[in-house]
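Have a look at the structure below before the remarks.
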Amino acid sequence: MIGAVQHLIPPSPTIVAFAVLIVGMITGIDGSGFAGLPLTGALSGALGPVARIDPTTLAAVGQMGAVWTGGGTLIAWSSLIAVAGFCRVPVLDAVRVLFLPVIAGLILSTIVAVVLW
């Protein structure tokens, strides 16, 4: 299946970086934030040389997506529940407030990573 559509995927560093970011964010949904690191690392190692971008930069982008999504910022699990409870803030209100700044930060940091490295 992948081989059939491979010619449709441009080897652009920006597109590959955002694809790895999205994969990292999807793997972060489990709530731990660290479960997706082997997957994003392996993808980075495979896609980096093809897209002419440093694999360690791609791995860092995927790690950011996984940790910031599932490590207690966007997913109402784990540490976000504890911090919201301690601050007496409804956890879903915290997620709503954090959503745009976190997504904007992930997009901006991915663009900076592609430009600088």
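These figures come from a predicted structure and were not determined experimentally. Count residues from 1 along the sequence.
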Which atom pair, heavy atoms only, marks the closest approach of [X] to [Y]?
{"X": "Gly45", "Y": "Pro49", "answer": "O-CD, 3.3 Å"}
{"X": "Ser44", "Y": "Ala59", "answer": "OG-N, 3.0 Å"}
{"X": "Leu21", "Y": "Gly65", "answer": "CD1-CA, 3.7 Å"}
{"X": "Ala113", "Y": "Val61", "answer": "CB-CG2, 4.0 Å"}
{"X": "Thr110", "Y": "Met64", "answer": "OG1-CE, 4.2 Å"}
{"X": "Val20", "Y": "Thr40", "answer": "O-CG2, 4.3 Å"}

How long is the gap from [atom1] on [X] to [atom2] on [Y], to the nearest 0.5 Å?
{"X": "Thr14", "Y": "Ile111", "atom1": "OG1", "atom2": "CD1", "answer": "8.0 Å"}
{"X": "Leu98", "Y": "Asp93", "atom1": "CG", "atom2": "CG", "answer": "10.5 Å"}
{"X": "Thr69", "Y": "Ile103", "atom1": "OG1", "atom2": "CD1", "answer": "6.0 Å"}
{"X": "Leu39", "Y": "Thr27", "atom1": "CG", "atom2": "OG1", "answer": "6.5 Å"}

Are [Y] and [X] connected in a single hydrophobic cluster, I mean Ile/Leu/Val/Met/Phe/Trp/Tyr linked by side-chain heavy atoms less than 4.5 Å apart?
{"X": "Leu58", "Y": "Leu116", "value": "no"}
{"X": "Val67", "Y": "Ile26", "value": "no"}
{"X": "Ile107", "Y": "Ile22", "value": "no"}
{"X": "Phe86", "Y": "Leu92", "value": "no"}
{"X": "Phe18", "Y": "Phe99", "value": "yes"}

Would the distance check show the side chain of Ser109 and the main-chain N or O of Leu106 forming a donor-acceptor pair, the cut-off being under 3.5 Å? yes
Report the C-alpha separation of Val114 and Ile53 in whole Å, then their side-chain angles, then the decisive distance to 0.1 Å, and conclude whether the side-chain contact (heavy atoms from CB on, under 4.5 Å) test is met. CA-CA 8 Å; Val114 170; Ile53 187 169; 4.1 Å; yes
